[in-house]
Amino acid sequence: MTVTVVVADDDPLVRTGVGMLLRSAPDLAVVGEAADGAAAVELVRRDRPDIVVMDLRMPGTDGTAATRAITADRADDPDLLTRVLVLTTFHDDAVYGALRAGASGYLLKHAAPADLVPAVRRVAAGDAWLDPAVASRVIAALVATDPDRDDPPQLLARLTAREREVLALMAHGRSNDEIAAGLVLSGATVRTHVNRILMKTGTGNRTNAVILAFRSGLVDPRR
């Protein structure tokens, strides 16, 4: 199955470079490019790609606002499955805002080029991707500064024992395939558990679900 990708970045050289890396993979297809967030949102609405590789610092509508709009469109249209992978030079509050807005993960622009294709594939498969160089720091900051929501233990209580087990493995960075192998379940069953976790807790994406796992005490963020 081919994963369709839109690349959104205001730097044409970056768009070209990212596009070349993605096109080198036989299972990825770049179906559009955007120079700002507004154009990226329009491309998503028109072409419905699987993934947007999204820069954050763009003129006009920035990447965080575009991510928020795409997330809202997904909520209104269950058939829209586009996910956002942030690609940025920054790992500050802008990244936290993008993750809260619904991004499925992020990769730093100075990461190894070989990391880009696996990151896109993993996000396309429904998993999260946090750049390994700063993942622990980002999670710690998100846990510490997450805006007020329902009490985390109350949200956790909505889950079955199996769903809590799946959530704990998600928090430890396991992909759906790794969870399926570890729990001796089918991939479809794991995807169902993940979808139910997101629905029952109202977290919306895997990153926010992982934050809940840490904030609720299900997983110790120091481990």
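Predicted model only: the values in this text are computed from it and were never measured. Positions are given from 1, in the same order as the sequence printed here.
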* Stepwise side chain to side chain contact (heavy atoms under 4.5 Å, CB included) test for Ile197 and Leu212 -> CA-CA 11 Å; Ile197 290 167; Leu212 171 65; 6.0 Å; no

The salt bridge (Lys or Arg N to Asp or Glu O under 4.0 Å) partners of Arg46 (sequence neighbours excluded) come to none

Residue set satisfying salt bridge (Lys or Arg N to Asp or Glu O under 4.0 Å) with Asp11, at least two apart, ordered chain then number -> none

Return the minimal non-hydrogen interatomic distance between [X] and [Y], and the atom names on each side.
X	Y	value
Ile70	Leu80	O-CD2, 4.4 Å
Ala35	Met58	O-SD, 4.0 Å
Leu198	Ala209	CD2-CB, 3.8 Å
Phe214	Ala171	CZ-O, 3.8 Å
Ala103	Val86	CB-CG2, 3.8 Å

For a quick check under 3.5 Å, do Thr2 and Asp27 share a side-chain donor-acceptor pair by atom type?
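Thr2 vs Asp27: no donor-acceptor pair found between side chains.
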
Checking [X] now: which residues fulfil side chain to side chain contact (heavy atoms under 4.5 Å, CB included) with it, not counting sequence neighbours?
X	value
Leu169	Arg174, Ile179, Leu183
Asp79	Arg48, Asp77
Ala188	Ser186, Arg191

In short, side chain to side chain donor-acceptor pair (under 3.5 Å) pairs touching residues 62-75 with sequence neighbours left out are Arg45-Asp73

To the nearest 0.5 angstrom, please state how far the [atom1] atom of [X] sits from the [atom2] atom of [Y].
X	Y	atom1	atom2	result
Thr201	Leu167	OG1	CG	7.5 Å
Leu156	Arg164	CG	CZ	6.0 Å
Arg122	Ile51	CZ	CD1	13.0 Å

Do other residues, nucleotides or ligands put more than 12 heavy atoms under 6.0 Å from the CZ atom of Arg196?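 Check fails, neighbour count at 12 or below.
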
What pairs of residues pass the salt bridge (charged side-chain N to carboxylate O under 4.0 Å, His left out) test when at least one of them lies in residues 198-210, not counting sequence neighbours?
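Sorted pair list: Asp127-Arg206, Glu163-Lys200.
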
Review point. Can you list every salt bridge (charged side-chain N to carboxylate O under 4.0 Å, His left out) pair that touches residues 102-113, not counting sequence neighbours?
Key: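 Salt bridge (charged side-chain N to carboxylate O under 4.0 Å, His left out) check on residues 102-113 returns Asp9-Lys109, Asp55-Lys109.
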
Residues that [X] engages under side-chain hydrogen bond (donor to acceptor under 3.5 Å, both in side chains), provided they are two or more places apart:
X	value
Thr82	none
Asn195	none
Asp10	none
Arg83	none

Any link between Met20 and Val53 through a network of hydrophobic side chains (Ile, Leu, Val, Met, Phe, Trp, Tyr) touching at under 4.5 Å?
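Not linked; separate clusters.
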
Is any side-chain heavy atom of [Y] closer than 4.5 Å to one of [X]?
X	Y	value
Val219	His172	yes
Val120	Leu28	yes
Val52	Val44	yes

_Checking the side chain of Asp50 only, and the main-chain atoms of Thr4 only, is there a donor and an acceptor separated by less than 3.5 Å?_
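Checked: pair present.
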
